[in-house]
There are 2 protein chains.
Amino acid sequence: MIELLKNSIPGLRDNWDKYKDLFKEIKVDSKTVLLREGEIAKKIFFIKEGCLRMSFYSKGKDITFQFFFEGQAVSSIESFSSSQPSQFALEAIEPSTLIVVHKKDFENLQKEYPEIRTGMQEILLQRFSRYAGLFLSFIKDTPQQRYLNLLQNEPHIIQRVPQHYIASYLGISPVSLSRIRKRIHGI
Amino acid sequence: MIELLKNSIPGLRDNWDKYKDLFKEIKVDSKTVLLREGEIAKKIFFIKEGCLRMSFYSKGKDITFQFFFEGQAVSSIESFSSSQPSQFALEAIEPSTLIVVHKKDFENLQKEYPEIRTGMQEILLQRFSRYAGLFLSFIKDTPQQRYLNLLQNEPHIIQRVPQHYIASYLGISPVSLSRIRKRIHGI
DNA sequence: GAAATTCATTAACAATTGTTAATAAATGAT
DNA sequence: ATCATTTATTAACAATTGTTAATGAATTTC
C-alpha cells in the first residue's frame, strides 16, 4: 500500500529513510472510531487491510454513506484540509491495518512534493464525481434497482459489509433490504 | 448579466469592442431544446432572463435533475469541455433571454484570459458539491422532507417551475408530489 | 464453550408511493 | 373568445416501504 505512495513520488522513495517515520502502521479492531463527527480531522489513513465506513447522525439515526477498502486513502477531506469540524464520522467495520499520517507531517510532505496536493484534489474530485453519479441513481432508480446496481458494480461491498450498513447506504431500512433480497434471490 | 462577466475580467471590459460580437443575445420560447442528449455541446449560455432545466432519459422517462435561473452560466460542462456527447439535455421552461457564446470563441477567450478557465473549474466544483449535498439528502430524507427542504432553501424553484418537473427532481411521481403538497399545505 | 450481544429474517399493520384513469384547472394557439 | 393541449388533482388499487416486535442465526465476549 505504502509502496504505491512511495513509488508514485520518486523523491519520496529516494529519501525514504528521512520520511519513513511519518508513516505509522496501526492495527485497529472492528468498530474502532477513527474520527468522530464534530472533531477536526488531523490524520489521513491509507488502508492496507480492512474496511472503513463514513457516516453521520441525522434525527437519531446513524447513516452510512460510503465504504472504503484496501488501497484507498481516507480522511474527512473537507475537515482535513479546512481544519473545520468534520460533518462525518469514520469507523472500522473490519479489523483493519492502516497507515496513519498526521496532518502536520502531511503538510510538510506536500510542501516538498506539490504533486501530493494535486493528488488530493484528484481524490476529492473523484469523490464528488461519485456522489454526482449516486445522486442521479437516487433520482432515477428504485431501491431495488440501486441494490441491483450495487450487486453489479461493487459486489465486494455486498460481500463484505454488514447488511444494515448497506441498507443505510441505499437509503432504506434493514427490513426493506431483507425483503428486496428475498424478492431477487428467490424464495 | 453579461456585465458580470465583463466586470470580473478587466481586460475584457477594456477591449470590449473587440469581443462584443462573440456574445450574442437570443430569445427562445418555452420548451426550446438548447441541447439534445447525445449531442456535443458547442455553446455555453448565460441566462439573462428565464429558466432552463437539465434532464436525461431513462427507461422511457424524461428525468429532470437541475434548474437554472437568471445570472447562471449553463452548459453540459462535461460535454462542452471534453467534446464528448452530452449525457444530458438542456431545455427552456420559460420564454428566456440568453447570451450565447460558441465554444471556439470561448476557447479563444480562455487563452487570453486564463482566469476564465479557473472560473469554469469553480462552477464545475460547485455543481459537484451541490450534487454531493443532494445525494446526502436522498439518503437521509423522505420525499416529503426533501420537498420541505426545497420550499425552505429554494422557494423560487417551487414558485416558477411546473410541478411535474419538481416531482422528477425529487425522484417521485407527479401524483405523489400532489399528495405531499396536500398533506403539507392543508385540506 | 456458554452467555451475551449483534445481526438478519419474518410477520403484521400503517403509511407512503406508483400506476392508471378520470376530471378539473390552467395555459396556449388560432 | 373558443378550442386544443398541457398540467394538476383526485380516486382506486397494487406494490413497496417503514415501524415494531418476535424469532433465529451468527458473532463476540468472557
Side-chain angles (χ1 to χ4, degrees), chain A residues 27-33 50-51 53 55 58-64 67 91-96 138-151 157-187, chain B residues 27-33 50-51 53 55 58-64 67 91-96 138-151 157-187:
Chain A
K27 286 178 189 295
V28 297
D29 281 344
S30 184
K31 309 216 173 167
T32 302
V33 175
C51 175
R53 74 181 179 99
S55 63
S58 174
K59 298 161 200 157
K61 287 188 183 170
D62 180 272
I63 293 170
T64 298
F67 305 104
E91 179 188 317
I93 56 178
E94 288 179 7
S96 303
F138 265 95
I139 217 171
K140 74 174 205 282
D141 296 324
T142 61
Q144 174 160 334
Q145 187 61 53
R146 288 202 302 282
Y147 177 75
L148 287 169
N149 294 345
L150 202 61
L151 208 54
I157 290 185
I158 289 171
Q159 283 155 15
R160 290 175 61 173
V161 174
Q163 210 164 293
H164 60 287
Y165 294 135
I166 296 178
S168 176
Y169 180 68
L170 294 171
I172 58 178
S173 69
V175 177
S176 193
L177 176 55
S178 179
R179 287 187 287 222
I180 287 173
R181 283 166 54 87
K182 193 176 177 183
R183 251 180 271 151
I184 291 173
H185 298 119
I187 302 285
Chain B
K27 285 179 191 293
V28 298
D29 281 343
S30 185
K31 308 217 172 168
T32 302
V33 175
C51 175
R53 74 183 179 99
S55 64
S58 174
K59 298 161 199 159
K61 286 187 184 171
D62 181 89
I63 293 169
T64 298
F67 305 104
E91 179 187 316
I93 55 178
E94 289 179 7
S96 302
F138 265 95
I139 217 172
K140 74 174 205 282
D141 295 326
T142 62
Q144 173 160 334
Q145 187 60 54
R146 289 202 302 283
Y147 177 75
L148 287 170
N149 294 345
L150 202 60
L151 206 55
I157 291 186
I158 289 170
Q159 284 155 15
R160 290 175 61 173
V161 174
Q163 212 164 292
H164 60 287
Y165 294 135
I166 296 178
S168 176
Y169 180 69
L170 294 172
I172 58 179
S173 70
V175 178
S176 192
L177 176 55
S178 178
R179 287 187 286 221
I180 287 172
R181 283 167 53 87
K182 193 175 175 182
R183 252 181 270 151
I184 292 173
H185 299 119
I187 301 285

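By convention in this document, chain letters (A, B, ...) are assigned in the order of the sequence lines, proteins followed by strands, and residues within each chain are numbered from 1.
Using a 4.0 Å cut-off, some side-chain N or O of A/Q163 falls inside it from OP1 or OP2 of C/dT9.
Atom CG in B/L177 sits about 9 Å away from atom P in D/dA8, given to the nearest Å. Across the protein-nucleic acid pair, B/Y165 atom OH and D/dT7 atom C1' stand 10 Å apart, rounded to whole Å. Between B/I172 atom CD1 and D/dA15 atom C1' there is a gap of 17 Å when expressed in whole angstrom units. Protein atom CD1 of A/I184 is 16 Å distant from nucleotide atom P of C/dA8, rounded to whole Å. A/E94 places its CD atom 19 Å from the P atom of C/dT6, with the value rounded to the nearest Å. B/I93 has its CD1 atom 15 Å from the C1' atom of C/dT27, to the nearest Å. Here D/dT5 presents its P atom at 18 Å from CG of B/D29, a figure rounded to the nearest Å. Distance B/I166 CD1 to D/dT9 P: 11 Å, rounded to the nearest Å.
Taking the six-membered ring where the residue is Trp, A/F138 and B/F138 present tilted rings, their angle falling between 30° and 60°.
Comparing C/dA8, D/dA8, C/dA12 against the side chain of A/R179 picks out C/dA12 as the nearest. Taking only side-chain atoms of A/R183, from C-beta outward, the nucleotide of C/dT16, D/dG18, D/dT16 with the closest atom is D/dT16. Taking the side chain of A/H164 as heavy atoms from C-beta on, and the options D/dG18, C/dT19, C/dA8, the nearest nucleotide is C/dA8. Comparing C/dT19, C/dT16, D/dT17 against the side chain of B/K61 picks out C/dT19 as the nearest. Among the nucleotides C/dT6, C/dT17, D/dT19, the one closest to the side chain of A/K31 is C/dT6. Of the candidates C/dT9, D/dT10, D/dG18, the closest approach to any side-chain atom of A/S178 belongs to C/dT9.
Atom CG of B/L150 is separated from atom CD1 of B/I158 by 4.0 Å, given to the nearest 0.5 angstrom. In this structure, CG on B/L151 lies 11.0 Å from CD on B/Q145, to the nearest 0.5 angstrom. Between the CD atom of A/Q163 and the CG atom of A/L170 there is a distance of 10.0 Å, given to the nearest 0.5 Å.
Counting any heavy atom pair closer than 4.0 Å across all strands shown, A/S173 reaches a base atom. As judged by a 4.0 angstrom heavy-atom cut-off over every strand, B/P174 is placed among residues making no nucleic acid contact. At the heavy-atom level, B/I180 lies under 4.0 Å from the strands shown only through sugar-phosphate atoms.
No side-chain N or O of B/R53 forms a donor-acceptor pair with one of B/Y169 less than 3.5 Å apart.
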